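Not measured: the values here are computed from a predicted model.
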Amino acid sequence: MLPARSAAPAPPERVMAPASPFPAPRCHWPRTPGGAAAAPPCGWVGARSPEGSPSLPPPPRSAAAMVPKAEPNRGDPAITKAPGDTKRHRYIKLQNGLNALLISDINNVDEEFSEEGGAESEIETDNDNDSGTDSKDDGENSDSKDDEKVKPEESPSDLDMEIEGLAVEEAWAEPTGKKDEDESTEKMSAAALCVTVGSFCDPEDLPGLAHFLEDMVFLGSLKYPDENGFDVFLKKHGGSGNASTDCELTVFHFDIQQQYFKAALDRWAQFFIHPLMIRDAINREVEAIDNEYQLAKPCDANRWEVLLGSLARPGHPMRKFFLGNAETLKHEPKKSNIDFYTRLKDFWQNYYSAPYMNLVVQSKGNTRYKFCIFFLSNFCGLPKPSFDHLTDHFDTREFHRLYRGERPGTVVKPLRYISWLVGHEGKDSILSFLRKKYLWAVALSGGNAETGFEQNSTYSIFKISVTLTSEGYEHFYEVASVVFQYMKMLQKVGPDKRIWKEIQKINDNEFSFQDQVGPINYVENICENMHLFCKQDFLTGNQLLFDYKPEVIAEALDLFCPQRANLCLLSTNNEGKCPLKERWLEMQYSVEDIEQYWAAVWAFDFELNPDLRHPEENEYLATDFSLKAPDFPEVDYPVKVLNTPQGCMWYRKDNKFRKPEAYVHFHLISPEVQRSAESIVLLDIFVSILPLNLSEPACGADIAKLEYKLVAGEHGLIIRVKGFSHKLPLLLQLIIDHLSDFMSAGKLQFTPLAHPCPVQFRVVDLPNTHLLCKVKTFNKGDANSEVTVYYQMHMEEPCFSFLRTKETLGYHVYPAYRNNSGIIGFSISVTTQATKHNSEFVDKKIEEFLLYFEEKMKLLTEDAVFLQAHSLINTKEYEDTFLGEEMDRHWKEIVSQQYLFEKLTCEIEALKSLTKEDLIEWFQVLRGKDRRTLSIHVVGYGEQEQDSEFAAVSDVQGPLLGEHPQLTFLPPSSYMKNTAFIRHIKDFTSTLNLLPYHKILQ
């Protein structure tokens, strides 16, 4: 990885720091070449206006011609949008320094709304308690706050504030008219607030304070004191909320059904105006932070970041421990007589203020946010902290060395151009050379992850990660030398405008036809962008390339030299070679000087590698974006258009999103797959090998945003492709050709199945008892335990509140609805630590929660059940945000052979008739004498699990080298001594009956 130079202060008018052309890949599609995102740095690019003329209009950009001109009352015309983006955006800035972006989300540019009516009929009254607990501990009726109102005076209409030269009333004027009923669809509303202060501002004596404050502000406010009230209110109305702390940012966000948005905004705003931050809750929240810390410890990426941060110069904030734990937030402050509560309040008072805040709100139709803006206008605080005085952050001897790390079992960015070339997997690339010539590597990624650690206002890190084979590990220095040779080739050849134009075109295509994301993700991303980019580029700054400046690219390339690099070799092969231990995450590591031979080679003008060159022109780049002429009757659901003995085909023409793209899925069924365990393993291996063979020839398709995924299904191979229709057939043909190469006949052949092949497994019928399967984790020294209690035959916020907030059993607490081949059930899972709790104690607490939940459910009124069912109905009525969501839903019906494409409609009808008696009866049957319960415990190492040898093994990270992992089954302890336990999984399941295939058809 290579540290870039310090960031130069960016001009206030425009800040340009475009992000990677490769957004973080979704887990279900192949990794985009280049891996992590990368971008040009502010200090290298600076303002896009001509130097010395910041007031001049920006030069034309390639995407601008495709952006329609904004009409009156259709949003701020200065904000550049994608052509198909019908949302209206309005930017305002309050006198206290707070920046806000108001977004009206509409389906049709002709939709209009009246001030009092229309799409968003705000609910002024909340007839439900939002406390998260009963009014009293004895279980009073939870409907104790009927008629609680959002008072009219909280939405002043005469705010005397200048906003970008306009009064508030003018800044977001609403047109009048009526909503087109034909366009009525449900959609969430969302808000996000980015406080541009993070862990860099942690006091030296209180590491993790910013992270801790992020949790504490949500524990009630002066106006809404109930500790868990906001979460209850969100869950009750189909919403969710979360927050995160980075080096220089703390981001809060939530979404909710739009009719409850105004009430939710009021509650949410109070956390930043008058949070209670109850003193009695500190110890409990410290436990939650410590649980999060324990979960982070085994992660390689976390360990590498903390270790690398420790190599920064003394005094640099990167050396701080950002996460925090019980030691830094409880024990050490107590030893040092630190008034922790006062310091916490001071930190909030100083930094949670308007000059640091960017607010983004989005709702469908009517956008009456003045009341929220009024609250936030009252903020004040200290000047924003600056780290511009910090220079040469990693210019230390410790940084420029080789670090070996034991493995259990990178604001100024590098140019996007460099990331694109380094991560290229096609012909003449780094990865192609290492794979084909020496079999030294199987994967490579390069760039900047755009996290606060790798990119902030003081430095940027460009990280190149190579996944090595066993032979590649033995030739580690040679692999590193190939990387340096490629970087030197780029320096010698210089920037290539043809390549830059290709990257720009790909970015423009993706931006112009981008899928709409959910409101909560949309507002979260924009509120972070607002502190990096000027108003015009809020939506485009991290997606598009603008000006070609070869001198800037060349200047950046000159920084990529061996003398600026830190080398890290992470492998299980390093076991026993790493005597040092990092303080916080306890990573075992060693430090070595670069071998003398290689240091001498890299110190001079070493030779170029003739096999490393620029990539060729991309044949997969789409140029035809016209929509296909109608060729099929308009239908709501897929229709079977082909049915032969060899197979069938389903088809539906998109008539909603109207983009030049296609989604195509194939399911190649074979009875051979389930004949033996060997057949299943062979299919898994095949699905792992084929993408490796495709990576070089399909690299151009990946870069051009044509995506594919191969899946080893239960009964055959699943192939998924998606992307622009123009060149998608080329990718599909490439996959078929490579698939055929494995066939002895040289081409794919399909024959009718001798017997119908089911596409679901049959599920075992659990006995009418409580069973325990308790096994030891493979990672010796890992204290984390996972407890899942499964009930065969749903609860979210009460579960979280009871088990996580009150009992502090673990950081992750989550219920889950389960549908295993049509057999319905649900489970509750808790992640805890064996150093704090025995897994069976946690299991008992889950049972205790269910008893509590049953009593609480009996106290519900019919109105409360109706409102909860109505909230779930609204959730199921949400419109799809992109074509892939619709595709996934229909594909699930096809592969399960249920074909109930209107399942959501059926579920909505069932919910409309749900009563309180139905709910209680179902729960009592589930919990009655014939209940079927299975507890799965994967147990960590710690004193609560009677691990006397815990101290001795705590330094061991994972199974010993050469050790074949074997499950160690544990008997129950005194907590569950009368529970039947499983000693061997196969022996247990072989005694059970199989339930019949079950399809949900109505």
Output, in order, the C-alpha distance, side-chain angles, deciding distance and verdict of side chain to side chain contact (heavy atoms under 4.5 Å, CB included) for Glu524 and Ile520.
CA-CA 6 Å; Glu524 181 188 6; Ile520 191 169; 5.7 Å; no
Would you sort out whether Ser199 and His211 count as a side chain to side chain donor-acceptor pair (under 3.5 Å), showing the intermediate values?
CA-CA 7 Å; Ser199 298; His211 182 207; over 6 Å; no
Could you walk me through whether Met587 and Val306 pass side chain to side chain contact (heavy atoms under 4.5 Å, CB included), step by step?
CA-CA 9 Å; Met587 178 182 184; Val306 175; over 6 Å; no
Step by step, work out the side chain to side chain donor-acceptor pair (under 3.5 Å) result for Asp843 and Ser935.
CA-CA 8 Å; Asp843 198 303; Ser935 294; 2.7 Å; yes
List the steps, then state whether side chain to side chain contact (heavy atoms under 4.5 Å, CB included) holds for Trp304 with Leu570.
CA-CA 9 Å; Trp304 173 80; Leu570 190 65; 6.0 Å; no
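With ring centers used as reference points, Phe453 lies 6.0 Å or more from Phe322.
By the salt bridge (Lys or Arg N to Asp or Glu O under 4.0 Å) test, Asp684 pairs with no residue at all, sequence neighbours left out. Taking the side-chain contact (heavy atoms from CB on, under 4.5 Å) definition, one finds that Leu206 meets it with Pro203, Leu209, Pro333, Ile338, Phe340, Arg343, sequence neighbours left out. Partners of Leu967 under the side-chain contact (heavy atoms from CB on, under 4.5 Å) rule, at least two apart in sequence or in another chain, are Val775, Phe778, Phe969, Ile985. With sequence neighbours excluded, the residues that form a side-chain contact (heavy atoms from CB on, under 4.5 Å) with Val681 are Ile685. The ring pair (Phe, Tyr, Trp, His ring centres under 6.0 Å) search around Tyr790 returns none, not counting sequence neighbours. For Glu840, the salt bridge (Lys or Arg N to Asp or Glu O under 4.0 Å) partners two or more places apart in sequence, or in a different chain, are Lys774.
No side-chain donor-acceptor contact under 3.5 Å links Tyr817 to the backbone of Ile824. A donor-acceptor distance shorter than 3.5 angstrom exists from the side chain of Thr250 to the backbone of Val197, with no hydrogens or angles considered. Panel note: side chain Asn574, backbone Leu569; a donor-acceptor pair is recorded below 3.5 Å. Thr328 places no side-chain N or O within donor-acceptor distance of the main-chain N or O of Gly324, the cut-off being under 3.5 Å. Within the 3.5 Å criterion, the main-chain N or O of Asp215 finds no donor-acceptor partner in the side chain of Glu285. Checked by atom type and distance alone, the side chain of His316 pairs as donor or acceptor with a backbone atom of Met318 at under 3.5 Å. For Asp202 (side chain) and Pro207 (main-chain N/O), no donor-acceptor pair under 3.5 Å exists by modelled atom type. Formation of a donor-acceptor pair under 3.5 Å by the Gln792 side chain with backbone atoms of Val764 is found in this model. Checking side-chain atoms of Ser785 against main-chain N and O of Gly940 turns up a donor-acceptor pair under 3.5 Å. Distance alone, capped at 3.5 Å, is enough to place a donor-acceptor pair between the Tyr477 side chain and the Glu595 backbone.
Going from atom CD of Glu287 over to atom NZ of Lys330 covers 5.5 Å, rounded to the nearest 0.5 Å. One finds the CD atom of Glu305 at 11.5 Å from the CG atom of Asp300 (value rounded to the nearest 0.5 Å). Atoms CG and CD1, on Leu329 and Ile289 in that order, are 7.0 Å from each other to the nearest 0.5 Å. Remark: Thr469 OG1 to Leu434 CG distance equals 9.0 Å, nearest 0.5 Å. One finds the OH atom of Tyr791 at 12.0 Å from the CZ atom of Arg818 (value rounded to the nearest 0.5 Å). For the atom pair Phe252 CZ and Asn242 CG, the distance stands at 10.5 Å (nearest 0.5 Å).
For the pair Leu850 and Val789, the minimum side-chain heavy-atom distance is 4.5 Å or more. Side-chain contact between Glu786 and Ile936 is absent, with no heavy-atom pair separated by less than 4.5 Å. When side chains are defined from C-beta on, Val830 does not count as touching His812, because their heavy atoms never get closer than 4.5 Å. The closest side-chain heavy-atom distance from Ser336 to Asp205 is not below 4.5 Å. Two residues are said to be in side-chain contact when any heavy atoms from C-beta on lie closer than 4.5 Å; Tyr473 and Val479 fail this criterion. Contact of the His937 side chain with the Met976 side chain is registered, since non-hydrogen atoms from C-beta on lie closer than 4.5 Å. In this structure the side chain of Asp290 never reaches within 4.5 angstrom of the side chain of Gln833, judged on heavy atoms. For the pair Glu592 and Leu567, the minimum side-chain heavy-atom distance is 4.5 Å or more.
Note that Lys320 lies outside the cation-pi zone of Phe200, set by a 6.0 Å cut-off to the ring centre and a 45° limit from the axis.
Looking at every heavy atom in both residues, Val286 comes nearest to Ala326 through CG1-CA, 3.8 Å. Scanning all heavy atoms of the two residues, the minimum distance from Asn302 to Ala296 falls at ND2-O, 3.2 Å. Nearest heavy atom pair, residue Asn838 against residue Gln944, reads ND2-O, 3.0 Å. The minimum heavy-atom distance between Cys773 and Ile982, with the atom names listed, is CB-CD1, 4.0 Å. Looking at every heavy atom in both residues, Leu234 comes nearest to Gly241 through CD1-N, 3.8 Å. In terms of heavy-atom proximity, Met216 sits nearest to Ala281 at SD-O, 4.4 Å.
Taking 4.0 Å as the cut-off between side-chain N and carboxylate O, Glu327 and Arg583 count as a salt-bridged pair. For Glu847 and Arg931, the salt-bridge test passes: some basic side-chain N is under 4.0 Å from an acidic carboxylate O. Between Arg303 and Glu582 no salt bridge is recorded (no basic side-chain N to carboxylate O distance below 4.0 Å). Comment: Lys845 engages Glu848 in a salt bridge, judged by a side-chain N to carboxylate O separation of less than 4.0 angstrom.
Between Glu214 and Thr245, the side chains place a donor N or O and an acceptor N or O closer than 3.5 Å (distance only, hydrogens not considered).
Taking the six-membered ring where tryptophan is involved, the planes of His837 and Phe841 are essentially parallel, since the angle between them stays under 30° and well short of 60°. Ring geometry for Phe321 against Trp584 counts as parallel: the plane angle stays under 30°, on a 0 to 90° scale with 60° as the upper cut.
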